[in-house]
Amino acid sequence: MNAIAIKHNNEIIDLQTAKEKGFEGEPILLDNSKESLEVLRHSTAHLMAQAIKSLYPDAKFYVGPTVKEGFYYDFKTETEIGESDLKKIEKQMLSFAKKKYEIEKYEISMDEAKEKFKDDHLKLAVMQRITDDKVSIYKQGEFEDLCRGPHLPNIGLIRFFKLTKISGAYLGGDSKNEMLTRIYGIAFADKESLKAHMEMLAEAEKRDHRKVGSEMKLFTFREEVGAGFPIWLPAGGRLRARLEGLLYKAHRKRGYEPVRGPEMLRSDLWKTSGHYQNYGENMYFTKIDDVEFGVKPMNCVGHIKVYEDELHSYRDLPIKYFEYGVVHRHEFTGALHGLFRVREFTQDDAHIFCTSDQIEEQIIEVVDFVDKIMSTFEFDYKMMVSTKPEKAVGSDEVWDTSIKALKSAMDKNELPYEIDEGGGAFYGPKIDIKITDAIGREWQCGTIQLDFNLPERFELEYNGENNDKIQPVMIHRAILGSFERFIGILTEHYAGEFPMFIAPTQVAIVPIADTHNAYAKELADKLIDINADSEIYNKNDSLNKRIRTAEKTRVPMLVIIGDEEVEGKTVAIRDRRTREQYNLSEDEFLKLIQTKINEVNF
RNA sequence: GCUGGCAUAGCUCAGUUGGCUAGAGCAGUUGAUUUGUAAUCAACAGGCCCGGGGUUCAAAUCCUCGUGCCAGCACCA
């Protein structure tokens with residue numbers, strides 16, 4: 001196998017450049033290594049551009065980089081291109097690839113380049129971002145493109161690729177700019193890897209919580225109800241109740257007090273908090289007797305009112321209030337996505353009022369709480385520290401102090417994190433906890449936000465040691481983030497096969513004949529006594545059919561009862577994965593369920 | 001919100017170039033069957049073809065405006 005590029009000074013250098021500059025280095029072969037795929041996919045993007053240009057001669061191209069999931073190219077044509085055109089473009093790409101054009105490289109000055117592409121406003125936009133006085137042009141057949149490389153030596157090496165998605169994308173990622181067409185694709189060095197990748201995507205699609213959620217009757221959406229307003233069905237209701245129950249205990253153990261604020265509050269309060277000015281476009285408002293009210297998009301103001309209900313001493317701090325707070329946010333229609341992004345959701349929200357000396361220990365405690373929950377569900381997660389956004393309240397000084405406090409809490413405890421510049425909430429910086437869905441998209445779930453601003457705006461205080469009035473610090477935090485999003489992610493994570501402690505139904509009971517119904521009911525009642533939900537499959541169907549139906553519900557445990565079981569007070573258990581069967585006495589069975597339900601504590 | 005696509009029964013989908021009474025499977029109901037580990041048989045019921053408006057002798061099908069959904073962008077738990 002010949003090299004497709006070389007590694008020189010830890011940089012990928014294509015053969016064209018290596019030859020021109022006389023560089024030498026370790027050869028990069030055409031395989032599925034990171035470096036190789038980088039070159040291959042970038043060249044595939046160019047091949048795609050070449051095909052698009054030949055099919056739509058007026059096409060103008062912006063940028064075509066490689067990304068985590070392959071590559072894309074942004075371009076513009078007068079013709080409307082839809083999903084159905086992808087096949088056509090792929091076909092054209094293959095026919096070019098067969099011609100085995102060499103990919104040639106040459107350099108020209110920036111001025112020459114500007115002259116060469118003077119009719120192409122997209123290329124001119126690209127060049128505006130380049131500071132060098134020389135640019136390189138890559139040429140394959142008739143097609144030329146301004147590009148930094150690196151590229152393959154010949155397009156004939158591109159054989160195993162697929163165009164996956166088409167959509168719009170703003171020029172330069174800015175919604176003020178015009179929208180271009182973006183086509184995504186993927187390429188591999190061999191056929192098997194491409195096939196495996198496509199199978200992986202299909203597998204992920206099967207886990208999609210929107211599909212699984214409707215199959216399992218967890219939740220639904222209805223056009224007549226409105227976009228982004230989920231409807232929780234009985235099975236989903238049970239799953240949620242389990243999560244809520246577990247979490248309730250976990251909060252109580254850590255000293256949180258349950259409270260509840262109203263669903264809407266007078267707009268004046270939202271003006272005091274700054275939500276009216278900074279978050280108003282995401283809020284829903286209504287008028288009652290000529291007074292304007294805002295439906296809460298967050299729970300903090302309610303909790304502030306709880307705090308204000310009595311005077312506090314420094315001895316009381318930290319004070320922790322928590323609430324499964326229902327919030328409404330006017331999200332853009334295009335942002336809505338199953339349970340991951342909705343307009344009404346319930347946060348596992350809490351606010352910690354503490355002294356500035358307590359910030360660090362409180363942050364650490366919350367991070368630890370997060371870790372406990374995420375590891376129970378076997379989630380990989382990452383933490384991001386987000387700094388001051390464009391729209392923000394409070395002085396730079398306060399912001400600096402808060403960001404430093406967050407970072408130092410993390411640093412001192414050697415917790416890894418990334419920085420999200422400008423990603424903070426309008427009232428303070430935050431640590432976001434992000435987890436990944438079935439197809440690799442990252443979603444923000446938990447969040448820990450430090451806030452010096454709201455205590456000031458609401459003039460919160462506590463009595464210090466010298467009976468002086470001191471302003472507390474507020475920490476906003478949610479661990480799951482929202483029940484909606486978290487349950488969506490959980491559904492994909494487990495592909496609907498929830499573990500016993502969280503499953504909507506713990507046990508499916510299948511009586512063999514009508515004469516066994518009484519014992520089935522008896523078992524179901526005993527299960528309720530140990531906090532387990534069950535369903536009896538005694539419909540007028542064949543036994544086989546009922547077992548099949550029960551298994552398809554993804555219930556963690558299936559028990560079958562017939563004459564033998566009724567007589568011996570036992571159950572026949574069928575494992576949902578191995579289909580193996582074994583018998584347990586009723587007591588053993590109940591104890592097993594009880595253990596499995598109780599083994600999890602956050 | 002933007003770009004592109006889609007919308008037929010509770011669900012998954014057929015429905016020809018505009019043409020007679022819009023079909024199927026699953027789910028549902030009823031009846032027969034009472035089953036020992038992944039689909040018993042039969043009958044019945046189920047539709048303002050997403051909603052307005054238009055074109056046409058004629059619209060599920062064409063146009064238009066909404067609504068909702070899908071992919072991504074931008075925005076965010």
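Letters go in sequence order (proteins before strands), and every chain restarts at 1. What you see below is based on every heavy atom in this structure, not just the backbone, and it leaves out hydrogens, waters and symmetry mates.
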Pairing nucleotide - [N], Watson-Crick or G-U, each distance under 3.5 Å:
| N | result |
| --- | --- |
| B/rC20 | none |
| B/rC41 | B/rG31 |
| B/rC2 | B/rG72 |

[N] and [M]: how far apart are their [atom1] atoms, nearest whole angstrom?
| N | M | atom1 | value |
| --- | --- | --- | --- |
| B/rC69 | B/rU55 | C1' | 28 Å |
| B/rA74 | B/rG18 | P | 41 Å |
| B/rU33 | B/rG19 | C1' | 47 Å |
| B/rA14 | B/rC50 | P | 14 Å |
| B/rU12 | B/rC73 | P | 26 Å |
| B/rA9 | B/rC65 | C1' | 27 Å |
| B/rU16 | B/rA59 | C1' | 15 Å |
| B/rG1 | B/rG46 | C1' | 39 Å |

Between [options], which nucleotide has the shortest distance from any of its atoms to the side chain of [X]?
| X | options | result |
| --- | --- | --- |
| A/S542 | B/rC2, B/rU40, B/rG36 | B/rU40 |
| A/R485 | B/rA27, B/rA77, B/rG28 | B/rA77 |
| A/M179 | B/rA38, B/rG36, B/rG72 | B/rG72 |
| A/I512 | B/rG4, B/rG36, B/rA77 | B/rG36 |
| A/E551 | B/rA77, B/rA27, B/rA38 | B/rA38 |
| A/Q347 | B/rG36, B/rA77, B/rC73 | B/rA77 |
| A/N540 | B/rA39, B/rU33, B/rU34 | B/rU33 |
| A/V342 | B/rA39, B/rA38, B/rA77 | B/rA77 |

Taking only the side-chain nitrogens and oxygens of [X], find out if one of them lies under 4.0 Å from OP1 or OP2 of [N].
| X | N | value |
| --- | --- | --- |
| A/K552 | B/rA39 | no |
| A/K539 | B/rA39 | no |
| A/N544 | B/rU37 | no |

Aromatic ring proximity [X]/[Y], centre distance under 6.0 Å:
| X | Y | answer |
| --- | --- | --- |
| A/Y56 | A/F75 | no |
| A/Y276 | A/F285 | yes |
| A/H251 | A/F369 | yes |
| A/H337 | A/F340 | yes |
| A/F379 | A/F486 | yes |

task: Of all the heavy-atom pairs spanning A/E331 and A/L336, show the shortest one and how long it is.
output: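 Heavy atoms of A/E331 and A/L336 come nearest at CB-CD2, 4.0 Å.
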message: For A/Y519 and A/E586, which I'm curious about, is there any donor-acceptor pair between the side chains at under 3.5 Å?
response: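 Their side chains do contain a donor-acceptor pair, which is all the 3.5 Å distance test asks for.
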message: Out of the candidates A/Q449, A/K320, A/H476, A/R477, only one should pair with A/H351 under the side-chain hydrogen bond (donor to acceptor under 3.5 Å, both in side chains) rule; please name it.
response: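 Testing each of A/Q449, A/K320, A/H476, A/R477 against A/H351, the sole residue satisfying side-chain hydrogen bond (donor to acceptor under 3.5 Å, both in side chains) is A/H476.
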field: Base-contact (B) and sugar-phosphate-only (S) positions in nucleotides 62-71 of chain B, heavy-atom cut-off under 4.0 Å, - elsewhere
entry: -----BSSSB
Do [X] and [N] have a side chain to base donor-acceptor pair shorter than 3.5 Å?
| X | N | value |
| --- | --- | --- |
| A/Y170 | B/rG72 | no |
| A/R546 | B/rA39 | no |
| A/E565 | B/rG36 | yes |
| A/S482 | B/rA77 | yes |

- prompt: If you look at every strand shown and take non-hydrogen atoms under 4.0 Å, does A/Y184 touch a base, only sugar-phosphate, or nothing?
  reply: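 Sugar-phosphate, no base atom in range.
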task: Check whether any side-chain N or O of A/N278 sits under 3.5 Å from a backbone N or O of A/H275 as a donor-acceptor pair, and report yes or no.
output: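 It does not hold such a pair.
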task: Measure from CD1 on A/I561 to P on B/rU35 and round the result to the nearest Å.
output: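 One finds 15 Å between P of B/rU35 and CD1 of A/I561, rounded.
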